[in-house]
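Being a predicted model, the structure only gives us computed values, none of them experimental. Order of the sequence lines sets the chain letters (A, B, ...), proteins ahead of strands, with each chain counted from 1.
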There are 2 protein chains.
Amino acid sequence: MDSINNIGNQDTYKKTTYVKSLKKALDILEYFTEENPEWGISDLSRVTGLYKSNIYNILLTFELSGYIQKNNQNGKYRLGFKFLDKSYIVSRHLTDTEIIHEALLDLSRDIPETIYYAILSQNSAIYLDAVFPSPSRFMPFVNGITAPLYCTGLGKALLSMCEDSFIKSVMLESDIKRFTDTTITDYEEMKKEIAITRKRGYSIDNMEHEYGVKCVSVPILDRKGNLNGAISASGPSLRFTDDIIEKYAELLIKTASELKNKL
Amino acid sequence: MDSINNIGNQDTYKKTTYVKSLKKALDILEYFTEENPEWGISDLSRVTGLYKSNIYNILLTFELSGYIQKNNQNGKYRLGFKFLDKSYIVSRHLTDTEIIHEALLDLSRDIPETIYYAILSQNSAIYLDAVFPSPSRFMPFVNGITAPLYCTGLGKALLSMCEDSFIKSVMLESDIKRFTDTTITDYEEMKKEIAITRKRGYSIDNMEHEYGVKCVSVPILDRKGNLNGAISASGPSLRFTDDIIEKYAELLIKTASELKNKL
DNA sequence: AAACGGTGTTCTTCAATAAAGAACGATATG
DNA sequence: CATATCGTTCTTTATTGAAGAACACCGTTT
């Protein structure tokens with residue numbers, strides 16, 4: 001099985017033949033976030049501007065298939081276990097995961113920080129693996145976390161391998177938030193940043209997403225040169241001096257080039 | 001957050017107000033299985049009996065939202081990474097997982113077999129955690145595996161806490177396959193089996209799903225008596241003698257009763 | 001006890017659009 | 001070179017998604 005290069009198919013948006021009722025229903029699922037996992041019919045109606053009966057019918061249909069389930073304790077709706085089922089099928093067929101996990105473990109011996117692996121999906125990076133410097137810093141459920149592309153090391157590493165038109169659409173058409181005072185929110189500035197990243201071979205997250213957290217990341221390509229994902233080392237800014245960042249970058253680049261022959 | 005007792009809402013099926021185009025689209029996703037992860041438009045059209053243009057538009061819409069992605073190498077479609085994203089939100093809010101994982105680890109000290117935890121979702125058990133007797137028997141990606149209810153230890157333990165009408169619908173309205181010569185495919189026989197399970201307090205999988213694999217399982221209830229899930233010990237039939245099964249059952253029941261006060 | 005404001009749910013009615021069906025160009029096959 | 005099959009596009013019409021009002025229900029408040 002080959003690696004998958006999904007650059008979030010922007011062209012598809014221009015087509016008009018998509019099923020509008022389906023798109024609308026899928027858009028409703030986006031309201032069920034980590035911060036807001038449960039919704040009532042009326043709340044969703046208010047926030048979407050759709051009629052209650054409309055929301056009701058859509059949620060009922062999702063419930064029918066297990067994608068939404070009703071919390072009988074409070075009558076509210078939440079995402080259903082069916083997503084676990086489906087996500088299993090997705091991850092099961094990412095055959096390169098064992099190879100990449102080995103590479104992360106190797107890196108972890110030289111880098112006493114958290115090592116991440118993420119892939120590109122639509123306008124986000126999705127974490128698929130992580131290795132922690134010590135058991136105490138272990139985080140359950142990293143798999144599936146989504147992170148923005150424009151303000152993370154992994155994101156910018158992924159972007160550096162994408163076409164300029166995609167970078168443009170991310171900066172101009174997707175939701176851009178200023179998380180810290182170093183967050184890059186301007187398209188022209190991002191163009192320069194990506195140019196530097198491409199030339200240098202690695203990306204740096206200079207506390208652009210979280211104060212006090214820095215990160216260095218490189219893209220992973222497969223044998224054919226297609227983008228597979230990105231790996232990163234991430235930790236407290238105090239430990240991430242320029243020297244250290246450069247040292248980690250070299251290690252990451254070495255791993256990336258080794259992986260290129262295996263994927 | 002309370003435990004969720006989803007018994008696959010059979011009543012919903014009787015309602016006619018659901019969104020048919022959405023249901024149809026969601027049904028198409030079911031064709032993307034572990035065995036058959038990739039589909040072309042024509043193949044799906046053949047197997048579903050729907051028009052190619054219809055399938056095309058639906059897949060296009062799913063692709064738009066990241067639930068389907070096209071494999072550019074062979075032009076076929078597969079499930080998208082969006083499911084990973086959503087499954088993360090689902091598992092993130094299963095707050096009892098840490099407590100249950102601790103319980104599995106404890107059990108693992110007394111039982112040198114694979115210990116599973118699964119919950120009920122629709123007509124399936126979904127694995128949410130596993131602890132392995134040795135690192136060599138480690139299996140990545142257990143989370144999200146679905147297993148049938150009628151022929152697994154976990155499934156029958158879950159069923160034993162469900163209403164009879166649900167058991168009936170599982171046996172008569174869902175897809176029942178004979179995996180081995182001990183698989184229970186008849187509703188009347190299952191009624192007896194569940195009666196025994198309820199009386200005994202634990203279920204036994206006597207190679208009903210796989211030759212050579214036996215399993216013993218008990219349901220997990222929360223403080224209020226609602227079904228949370230089930231835990232099991234599973235391994236080669238040669239090691240699962242009647243004595244051993246009874247011993248493991250006692251340990252599982254002890255764990256279940258301890259969990260009852262914590263959930 | 002009665003009135004209120006909130007909820008999720010049901011019903012009907014009509015305009016929107018999902019889906020049928022044919023046709024397209026591209027690619028593969030023999 | 002002809003045939004088969006693929007994904008994709010187009011148009012047409014009958015289905016049905018969604019508006020909108022009304023419903024029953026449950027707590028609070030009056």
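- Rounding to whole angstrom units, CD1 of residue B:Ile41 and P of C:dA26 are separated by 19 Å.
- A salt bridge links A:Asp27 and A:Lys23; the closest N-O separation between the charged side-chain nitrogens and carboxylate oxygens is under 4.0 Å.
- Without hydrogens or angle criteria, B:Thr146 side chain to B:Ile126 main chain gives no donor-acceptor distance under 3.5 Å.
- When rounded to the nearest whole Å, the span between OH of B:Tyr77 and P of D:dG7 equals 8 Å.
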Return the polar atom pairs (N/O with N/O) between nucleotides 15-18 of chain C and the protein under 3.5 Å, or none.
from   : atom 1 : to      : atom 2 : distance (Å)
C:dA18 : OP1    : A:Ser21 : N      : 3.2
C:dA18 : OP2    : A:Lys20 : N      : 3.0

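- With 3.5 Å as the limit, one finds a donor-acceptor pair spanning the side chains of B:Asn228 and B:Tyr117.
- Applying the side chain to side chain contact (heavy atoms under 4.5 Å, CB included) test to A:Tyr51 and every residue at least two apart in sequence or in another chain returns A:Ser53, A:Asn54.
- Judged purely by atom type and a 3.5 angstrom limit, B:Tyr150 uses its side chain to pair as donor or acceptor with the backbone of B:Lys177.
- Between the side chain of B:Arg223 and the backbone N or O of B:Asn261 there is at least one donor-acceptor pair closer than 3.5 Å.
- One atom, CG of B:Asn57, and another, C1' of D:dT15, lie 16 Å apart when rounded to the nearest Å.
- Residue B:Lys23 contributes atom NZ, which lies 17 Å from atom C1' of D:dT16 at whole-angstrom precision.
- Salt bridge annotation for A:Lys82-A:Glu63: absent, with no cationic side-chain nitrogen under 4.0 angstrom from a carboxylate oxygen.
- A donor-acceptor contact under 3.5 Å is not formed by the side chain of B:Ser42 with the base of D:dG7.
- For B:Ser53, whose side chain is taken as the heavy atoms from C-beta onward, the closest listed nucleotide among D:dG20, C:dA20, C:dT9 is C:dA20.
- Taking the nucleotide of DNA chain D with the nearest heavy atom to each of A:Gly49 and A:Lys52, the more 5' of the two is matched to A:Gly49.
- Counting to the nearest Å, the C1' atom of C:dG8 and the CG atom of A:Leu60 are 11 Å from each other.
- Under 4.0 Å is where a charged nitrogen must lie from a carboxylate oxygen, and between B:Arg46 and B:Asp43 at least one such pair does.
- Among the nucleotides D:dA18, C:dT9, D:dT9, the one closest to any side-chain atom of A:Ile58 is D:dA18.
- Atom NZ of B:Lys76 is separated from atom C1' of D:dG7 by 10 Å (rounded to the nearest Å).
- Distance CZ (A:Arg46) to C1' (C:dG5): 12 Å, rounded to an integer number of Å.
- DNA chain D lies under 4.0 Å from no heavy atom of any residue of residues 25-33 of chain A.
- To the nearest angstrom, P of D:dG7 lies 13 Å from CD of B:Glu63.
- Between B:Phe83 and A:Tyr67, the ring planes are tilted. Angles from 30° to 60° get that label.
- For the OP1/OP2 pair of D:dC6 and a distance below 4.0 Å, the side-chain nitrogens and oxygens of B:Lys70 include no atom meeting the criterion.
- OP1 or OP2 of C:dT12 has not a single side-chain nitrogen or oxygen of A:Tyr51 nearer than 4.0 Å.
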